[in-house]
Amino acid sequence: MNRTRQLHAWLLLLPALAMLAAFTHIPVISTLFNSFYESPIAGKPGQFIGADNFRFVLDDDIFWKVLWNNFWYALITVPASIALSLIMAIWVNSRLSGRAIIRLAYFTPTVLPMIAVANIWLFFYTPEIGLINNLLEALGFEGQNWLGDPDLALPSLMVMTIWKEAGFFMIFYLAALQSMDTSLYEAAAIENAGRWQTFKRITWPLLMPTTLFILINALINAFKLVDHLFILTKGGPNNASNLLLYYIYENAFSFFDTAYAATLTSILLFILALLAWFQFGFLDKKVHYR
Amino acid sequence: MMTGAFSQVKGIGYISLPERLAAWLLGFLWILPLLFAFWAAFHPSEYTTHFDLFAPLTLEHFVSAWDQAPFARYMLNTIVITTLILVCQLVLCTLAGFALARMSFKGKGLVMALVMMQLMVMPEVLIVENYKTLANLELIDSWLGVGLPYMASAFGIFLLRQTFATVPQALDDAARIEGCSLLQVLWKVYVPQARSVYLAYALVSISYHWNNFLWPLVVTNTEASRPLTVGMAIFGAPESGVDWPIICAGTLIAVSPLLAAFLIFQKQFVQSFMKAGIK
């Protein structure tokens, strides 16, 4: 009886596990494997070249630039969108007139495809006829070449990313706020605690698990979401706004250097593994609220 | 009465006037790109950056956009791909989620870890290897090719596992005593109990795959399988020299089905994302 139970369990799991193996586990292994080989030339498999690909990566100035860009991109967009989403959630959860409309406005970017809204943002950023420059010039400031200036291209992408992500994260905070025990707040009100104190002592600690959940998702997204690059900058000018996954795409599908793309993917996998370790080995032990 | 009065002053619901204004302003900024797209798409080109409340309305940009790109075909592709993925996800995740929630077998912990790995390493990251796999299967430029890497979803498995684990064991036992087989128990007891979770998951999955871009870009070559997002990227590319108002009209065509669904089922959408987030 127990054996048939076991067999049934495996049969139920089989379809999902087979698909996961085919499109997640085996590709991960072959990515690592291929990063020690040359790219195949004219259909012939490449030679084993040891750690040469990794040496190329370490000597590749563009790689370092891209990694640095991605680091800044995560460092700015993740805290900014989390902070903004928390403020949004608190506002939408308060007695605000027309809050249904405001919640809708905050959340709308989430349901729109990045690629479609990037087209609209492109128009905002365009020099000469772009909306932002028109507005600046009307106020007497000088317009900027937002996407063409190496110093401004990445920050311009960041602004759009924050716009896209904040409303999505707001939902998780809102869910957490709505499931909170109101008696703590009543106690705080009786104690005459100020709003900032109430937030610092009650809301923020209770929201910690949500914040960490959002933090991990935001960090993964910072390495995964590159759709807008295809429309806005294509990583340019001169890789000033290039990000790791976009650079992988370029190597694999524009330069056809699949071995190099595999090597870069291995590095991305390593970063994601660090994030996983950070989440399961570190954060989960520190948070006891759940 | 007392607590009510207190919370009026400084409790949960309180919000000051400057904050109210800030909340409204932020909402306006957040919806601005969409408002602008509507403005540009429905007015003649000379009004694109010139705001005039009495500017004449026109549909010409929609006509040109519709003529310049095969939107109907793109839309069909998106609908087929999204549906295909969702149906397969629901079946695979239900079976796996049930096994992980209610059956004991050797190596369960390892299976769980292998499943959860996909939450970190999503198919987007593995485009290079998955492209090779799809090429070997001769599925490049097909609906199935776009869908395959997403059909087993760690997120769906986890969500259903959590839900199935809360179904009372007594219901399960009762169904078995009545002579139901394993799959009948799953279908008659567990699936109906998880109805709202299925709805939540479906909405999250649909909006994800309707909007997905990188993998479909890699794996499609022609309009036979290209979804709306990839079509939009080609349509909006500066090389194709299309006017702004036409791009805005095209963008609205592309997002309109999802946007309409979102506006109609707003509450369900927001609650679904919430539910999916809490687990």
Side-chain angles (χ1 to χ4, degrees), chain A residues 5-6 8-10 12-13 15-16 19-20 23-25 27-28 30-31 91 94-96 102 104-109 111-117 119-121 123 129 131 134 167 171-172 174-175 182 185-186 189-190 195 220 224 227 230-231 252-253 258 261-262 265 268-269 272 275-276, chain B residues 3 6-7 10-15 20 23-24 27 30-31 33-34 36-37 49 92 95-96 98-99 103 105 111 114-115 117-118 120-126 128-130 148-149 151-152 157 182 207 211 213-214 218 229 232-233 236 244 247 251 254-255 258 262 266 270 273-274 277-278:
Chain A
R5 275 293 270 187
Q6 294 241 355
H8 283 159
W10 285 105
L12 290 171
L13 285 165
M19 296 299 277
L20 282 174
F23 295 101
T24 303
H25 304 124
V28 166
S30 49
T31 299
W91 278 343
S94 68
R95 278 194 219 105
L96 180 67
I102 294 183
L104 184 70
Y106 292 161
F107 187 67
T108 304
V111 291
L112 299 175
M114 190 74 154
I115 211 77
V117 287
N119 275 324
I120 303 171
W121 277 80
F123 183 69
I129 54 164
L131 210 63
N134 267 330
I171 291 298
F172 301 116
L174 196 54
T182 49
Y185 288 97
E186 280 157 17
I190 290 167
R195 237 183 127 212
I220 296 174
K224 203 193 74 185
D227 296 3
F230 284 86
I231 298 284
F253 299 101
T258 49
T265 308
L268 180 52
L269 288 173
L272 292 172
L275 284 178
Chain B
T3 53
F6 271 120
S7 58
K10 53 182 63 148
I12 338 161
Y14 176 72
I15 180 164
R20 256 168 231 268
W24 276 94
W30 246 239
I31 202 75
L34 192 65
F36 170 74
T49 53
L92 295 190
L95 296 178
F98 178 58
M103 301 181 81
F105 55 91
V111 170
L114 284 173
V115 169
M117 200 179 138
Q118 200 213 26
M120 287 281 167
V121 186
M122 303 185 87
E124 285 80 23
V125 176
L126 298 165
V128 183
E129 287 304 319
N130 282 342
L148 268 179
M151 284 177 183
I157 294 172
L182 192 63
S207 48
N211 297 342
F213 172 71
L214 186 58
V218 165
T229 45
M232 274 310 299
W244 287 111
I247 290 180
T251 303
V255 302
L258 197 63
F262 170 60
Q266 206 212 116
V270 174
F273 276 83
M274 280 186 180
I278 310 172

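Given the structure is predicted, the values throughout are model-derived calculations rather than measurements. Just so it is clear: chains get the letters A, B, ... in the order the sequence lines come, proteins before strands, and each one is counted from 1.
- Taking the six-membered ring where tryptophan is involved, the planes of Phe36(B) and Phe123(A) are essentially parallel, since the angle between them stays under 30° and well short of 60°.
- If you measure heavy-atom distances from Ile115(A) to chain B, the contacts under 4.5 Å come from the side chain alone.
- Between Met120(B) and Ile220(A), some side-chain heavy-atom pair lies under the 4.5 Å cut-off.
- For chain A, no part of Ala254(B) is nearby; none of its heavy atoms comes within less than 4.5 Å.
- Both the backbone and the side chain of Leu20(A) have a heavy atom closer than 4.5 Å to some heavy atom of chain B.
- Contacts of Leu268(A) with chain B are made by side-chain atoms alone, with heavy-atom separations under 4.5 Å and no backbone atom involved.
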Walk me through whether Thr229(B) and Asp227(A) qualify under side chain to side chain contact (heavy atoms under 4.5 Å, CB included).
CA-CA 10 Å; Thr229(B) 45; Asp227(A) 296 3; over 6 Å; no

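- With rounding to the nearest 0.5 angstrom, the CG atom of Leu12(A) is 9.0 Å from the CZ atom of Phe105(B).
- Ranking Thr108(A), Leu174(A), Leu104(A) against chain B, the residue ahead of the rest is Leu104(A), based on heavy-atom pairs under 4.5 Å.
- Phe262(B) touches chain A through its side chain: at least one heavy atom from C-beta onward sits under 4.5 Å away, while N, CA, C and O do not.
- Proximity of Thr265(A) to Glu129(B): side-chain heavy atoms (C-beta onward) are nowhere separated by under 4.5 Å.
- The shortest non-hydrogen separation linking Ile120(A) to Ala37(B) is CD1-CB, 3.5 Å.
- Contacts between Tyr106(A) and chain B at a heavy-atom distance below 4.5 Å involve backbone atoms as well as side-chain atoms.
- Chain B forms more heavy-atom pairs under 4.5 Å with one residue of Leu275(A), Val117(A), Val28(A) than with any other, namely Val28(A).
- When every heavy atom of Ala99(B) is checked against every heavy atom of Ala9(A), the shortest pair comes out as CB-O, 3.8 Å.
- Here the closest heavy-atom approach between residue Ala152(B) and residue Ala16(A) is recorded as CB-O, 3.5 Å.
- Contact of Pro149(B) with chain A is made through backbone and side chain together, with heavy-atom distances under 4.5 Å.
- Atom CG of Leu92(B) and atom CG of Leu13(A) lie 11.0 Å apart (nearest 0.5 Å).
- In this structure, the side chains of Pro109(A) and Trp30(B) come closer than 4.5 Å at one or more pairs of heavy atoms.
- In this structure, the portions of Leu272(A) lying under 4.5 Å from any heavy atom of chain B include both its backbone and its side chain.
- Counting heavy-atom pairs closer than 4.5 Å to chain A, the top-ranked of the candidates Thr251(B), Leu258(B), Leu34(B) is Thr251(B).
- Of the two parts of Leu214(B), the backbone and the side chain both hold a non-hydrogen atom closer than 4.5 Å to a non-hydrogen atom of chain A.
- Annotation: the span from His8(A) atom NE2 to Met103(B) atom CE amounts to 7.0 Å, rounded to 0.5 Å.
- For the pair Leu269(A) and Val121(B), the minimum side-chain heavy-atom distance is below 4.5 Å.
- Formation of a donor-acceptor pair under 3.5 Å by the Asn211(B) side chain with backbone atoms of Val111(A) is found in this model.
- Using a 4.5 Å cut-off between heavy atoms, Ile157(B) touches chain A through its side chain atoms alone.
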Test side chain to side chain contact (heavy atoms under 4.5 Å, CB included) applied to Thr31(A) and Leu126(B), step by step
CA-CA 8 Å; Thr31(A) 299; Leu126(B) 298 165; 4.0 Å; yes

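- Among all heavy-atom pairs drawn from Pro15(A) and Leu95(B), the shortest one is CG-CD1, 4.3 Å.
- Note that the CZ atom of Phe23(A) and the CE atom of Met151(B) stand 8.5 Å from one another [nearest 0.5 Å].
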